[in-house]
Each structure stands twice: as C-alpha cells, then as structure tokens.
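Note sheet for the following structure.
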Amino acid sequence: MISQFFVLSQRGDNIVFRDYRGEVPKGSAEIFFRKVKFWKEDEEEEAPPVFNVDGVNYIHVKVAGLFFVATTRVNISPSLVLELLQRIARVIKDYLGVLNEDSLRKNFVLVYELLDEVIDFGYPQTTSTEVLKSYIFNEPIEVDVARLPPLGPASMFMQGTKRMPGTAVTKSVVSTEPGGRKREEIFVDIIEKISVTFSSSGYILTSEIDGTIQMKSYLTGNPEIRLALNEDLSIGRGSASVYDYRSSSGGAVILDDCNFHESVRLDSFDVDRTLTLIPPDGEFAVMNYRMTQEFKPPFRVNALIEEAGQLKAEVIIKVRADFSASVTANTITIQMPVPTHTARVSFELESGAVGQTADFKEGAKRLEWCLKKIVGGSEHTLRAKLTFSQESHGNIAREAGPVNMNFTIPMYNASKFQVRYLQIAKKSPSYNPYRDATAG
C-alpha cells in the first residue's frame, strides 16, 4: 500500500504526481529530491533505493534519467514496491513508445489514465500492458525519435541513457500504421552485461555475465511462437541440475542459473532447447541468465601505481579493445580503488580525447573513468596524480585496485549464447506476420 507516486526529472521538476491516500505531506517530492541530491550518510555518495525521512518511507528507482518514487508510512515490502515502480515505468514506455521527460509531458493525460488503472487507493491492480488495453482510451502523442541518439541494435530495449536505434521499436503498442493497418512485428535481442575484475598486473580475478533475452511484440491475434536456443546449452554446474541433459563439452554454453517469463512453457526444453510462449503485448524479458564460465574478455586492462615523491603517487590505467574494429563498445565505466589516505587527484586524459570523463569519488576513495565509446582494436590511457594526506607506511600498490569495468557492446556476444531461430505459428491462412529477430 503506497500513499503517493510521483516522477521527477533530473532537475527535480515534478512531471507526474498522484496522491492516493492523503497521509503524506504535499511537499514530499521536494523533500525527496533535496535528500537524494545532497545525500552524505554512511559515507555513500548516492542515496539507497529505500530511506526514511520524518516517518515517511521513500522508495525509488531511476529509469531513463527519471526518478520514479513511491511514499508510504506503513511497513511495506521494499522489493514489492521497487518491482511495482519498474513495472509502471515499463507499462508507460509500452504505451508512449519512448520513455523520457518530453514524452511524459506530452502524454500526461494518458499517463494519469494508466496510473488510475494500475493503482487504486494505493493498492496495485494490474501492470499488464495487454490487460490495460481494455481500459485505456487516450491515444499517445508521438515524440520525435530523430532527436534521440542511436547506439546500435543491442541497445534496442535498454533503459537509462541507452536509446532505441530507430523508429521501429519506439512506437506505442496501441499505435497503427498509416491507413489503420495493424503492425505485425516482433523484435528479439540478447543483451549481456559483462563484469570483469582485473588485478593491478592485468590478470583476471573475477568474471561474470548477466544476460537477458528481451522481446517486444506488436503481433495481433496472440500467436504462439517458438524460440530455439543453443543445442549444447547446459544449465547448472553440477549434474544434478534438472535441465542438464548431456555432459558439457569444450564448446558448450554452461549457464549457472536462469529464470523465465511466466508465459514461457518448457515442454520441449529438455529435448531440443526450445521455448514456447504466447508473447504478451509490449516489452518483456523472455529469459534472464547468469554465467561464470571462463570466456575471453573483450578488453585487456592494465593498471600501474608507483610513488612519485613525498606524499605523491601516479596511476596509469590502459585499456585495449580485443575485438574487431567493426564493433564499438558503449558506455564504458572503469573504476579503481585508491589508498584510503588519498586527499586529492588530478587527471590527465590522452590528447584528442572525446567523450571521456574522469572523477575522484572521495567518499568511496576510488577513481572513475567513463568513456562514451571504444572502437575495436584501439587503446586508451588515463594518468592520475594522487596526493596523500599522510605518509604511507605500507605498499601503496597493495592498497590500490582491483580495477572494475562495466560496458555495453552492440552485436557482441561473449557467452556464445544465441537464438538459433524464431518461429511464429500462423493463426489462419491469411495471417502473415513479419519477422525481425536480432541478437546482440
């Protein structure tokens, strides 16, 4: 049970506000934003997703640069509200096509209509895009997608700063083609987040892949579809896994664990690794998976730290892209902890650097290097000069690191996990849907 729901811009502007129960002061949005912007508690630089101010619980998620916030005075399950906020953002995105501040302002009537159906007196009712179609009557006002920067096919369904590449998947689920013709399209994408931790000498300490098969459906008539995965796919490290049906060979893809959307049927999954489902309207994750099997990371990172005089040290971080020059990595973030007595840091980016920023997170005592993109085969270097507040009596190299790196690479699949084919069952001889399946 929630008392209020509101959406704030990055500047703190109130875009959407709905008070369901009148239990929380009207100035809660301003209190929330001030608290988040100047958060300094527990030596953390960012506010946690759940916190309490003057007896009011504030629960929030950040999607596409917007704050989706719920308030309540009761002791409610935080995970339930966090999931509800994510689903509200997904439903709004399904209906508007694009989720950003501009689309919310242009479609505020439609957004309020959705909120009235999703939540009643603070209690969630439904977050199904398909069910809501029967109750929503306002038409979405389209936003000019040409102003959104495309980042490639693999960012097709991603939220946050990543945008869809073209107009195909930025349409509302209730929109029609010119002439009133219904769209008959389905989009499939594999999105993987690779986390690799390197030591200061460049060796890999930990590596993990978190992936998802993302789907967005515009099909009418609820046709059944079949999604075929790798034939040599194994799930679970031990032989006791309920999905293991063969011994893993050298080229096999081994997933540590996975979960499926509620609409997925696994009747033939043990036999031929196919998923059967009737896709709901809108965007959803068919399958989420995690993998720690050894793989060749797309980057090689080397970090060096050495003393440069009294109370000073120099850090050099080099990153090389070990993939084809035809591939580009996006939104790269490299983090490196530094000695705890580091007081100041000055950075030196390589000459001609474009789309790069470097920052010293003083509270967390770490360097953060962000690159907008890296082209395959290229190498980039960051130099940082550290100034210490006191003399170090230990080995500064042991106090620094390890390096952590996060990135997105369109059309690159480190796990070798793939969708072999997508098959759509025809409902009638006249039913002839288009197919568009991509893997990134």
Side-chain angles (χ1 to χ4, degrees), residues 10 37 40 43-46 65 149 151 160-162 193-207 297-325 327-409:
Q10 289 181 320
K37 188 174 182 180
K40 291 295 181 183
E43 297 184 354
E44 293 289 336
E45 295 189 348
E46 293 186 358
L151 288 180
T161 58
K162 296 172 274 294
K193 179 182 178 182
I194 307 173
S195 297
V196 181
T197 305
F198 295 91
S199 68
S200 58
S201 56
Y203 290 100
I204 298 174
L205 299 180
T206 63
S207 60
F299 293 99
R300 179 61 57 184
V301 178
N302 289 295
L304 174 67
I305 180 170
E306 54 186 15
E307 294 185 10
Q310 189 176 11
L311 300 179
K312 292 182 182 293
E314 185 176 15
V315 174
I316 301 175
I317 304 176
K318 289 185 178 181
V319 56
R320 176 174 175 78
D322 286 340
F323 47 84
S324 170
V327 178
T328 302
N330 299 317
T331 58
I332 304 98
T333 302
I334 302 173
Q335 298 175 337
M336 178 179 175
V338 293
T340 55
H341 48 274
T342 303
R344 295 190 306 276
V345 179
S346 61
F347 294 97
E348 181 184 334
L349 294 171
E350 55 196 358
S351 60
V354 178
Q356 296 186 29
T357 60
D359 191 19
F360 172 49
K361 303 295 184 181
E362 188 173 359
K365 296 296 181 184
R366 71 168 185 264
L367 309 181
E368 190 168 285
W369 182 20
C370 298
L371 301 93
K372 189 174 182 181
K373 65 178 182 178
I374 295 180
V375 179
S378 63
E379 183 174 299
H380 299 275
T381 303
L382 173 71
R383 294 178 181 272
K385 294 182 179 180
L386 314 183
T387 302
F388 302 132
S389 59
Q390 64 186 50
E391 187 175 352
S392 175
H393 298 289
N395 187 343
I396 60 172
R398 291 183 179 274
E399 297 181 37
V403 175
N404 185 272
M405 184 175 184
N406 288 301
F407 49 87
T408 301
I409 308 181

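Counting from 1, the numbers follow the sequence of the chain as shown. Because the structure is a prediction, the values reported are computed rather than measured.
Salt bridge R383/E314: present, at least one basic N to carboxylate O contact under 4.0 Å.
A heavy-atom distance below 4.5 Å is found between the side chains of V315 and L367. The side-chain heavy atoms of K193 and N406, taken from C-beta on, include a pair separated by under 4.5 Å. At a threshold of 4.5 Å between non-hydrogen side-chain atoms, the residues F360 and S346 do not count as touching. For the pair E399 and H341, the minimum side-chain heavy-atom distance is below 4.5 Å. For the pair L371 and T357, the minimum side-chain heavy-atom distance is 4.5 Å or more. For the pair T333 and C370, the minimum side-chain heavy-atom distance is below 4.5 Å. No side-chain heavy atom of N404 sits less than 4.5 Å from a side-chain heavy atom of I334. Within the 4.5 Å cutoff, no side-chain heavy atoms of I332 are placed close to those of N330.
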Go through T342 and T387 one step at a time and tell me if the side chain to side chain contact (heavy atoms under 4.5 Å, CB included) criterion holds. CA-CA 6 Å; T342 303; T387 302; over 6 Å; no

| said: Working note: I374 + T328, criterion side chain to side chain contact (heavy atoms under 4.5 Å, CB included); need CA distance, chi angles, decisive distance, verdict. | reply: CA-CA 6 Å; I374 295 180; T328 302; over 6 Å; no

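In this structure, the side chain to side chain donor-acceptor pair (under 3.5 Å) partners of D359, at least two apart in sequence or on a different chain, are K361. For E379, the salt bridge (charged side-chain N to carboxylate O under 4.0 Å, His left out) criterion is met by no residue, not counting sequence neighbours.
Atoms NZ and OG1, on K373 and T331 in that order, are 13.0 Å from each other to the nearest 0.5 Å. One distance of note links CZ of F347 with CD of Q356; it measures 12.5 Å at 0.5 Å rounding.
When each of I316, V338, L386 is checked for a side-chain contact (heavy atoms from CB on, under 4.5 Å) with I305, only L386 meets the rule.
Using modelled atom types, no side-chain atom of K312 and backbone atom of F388 make a donor-acceptor pair closer than 3.5 Å.
G65 and Q10 get closest at one heavy-atom pair: O-CG, 2.9 Å. The shortest non-hydrogen separation linking A384 to V345 is CB-CG1, 4.0 Å. The shortest heavy-atom contact between W369 and I317 is CZ3-O, 3.7 Å. The two residues K365 and P339 have their closest heavy-atom pair at CD-O, 4.4 Å. Minimum heavy-atom separation, A364 to R366: CB-NH1, 3.2 Å.
Ring to ring, F323 and F299 are close: their centroids are under 6.0 angstrom apart.
Each salt bridge (Lys or Arg N to Asp or Glu O under 4.0 Å) pair with one or both residues in residues 333-355, not counting sequence neighbours, would appear here, but there are none.
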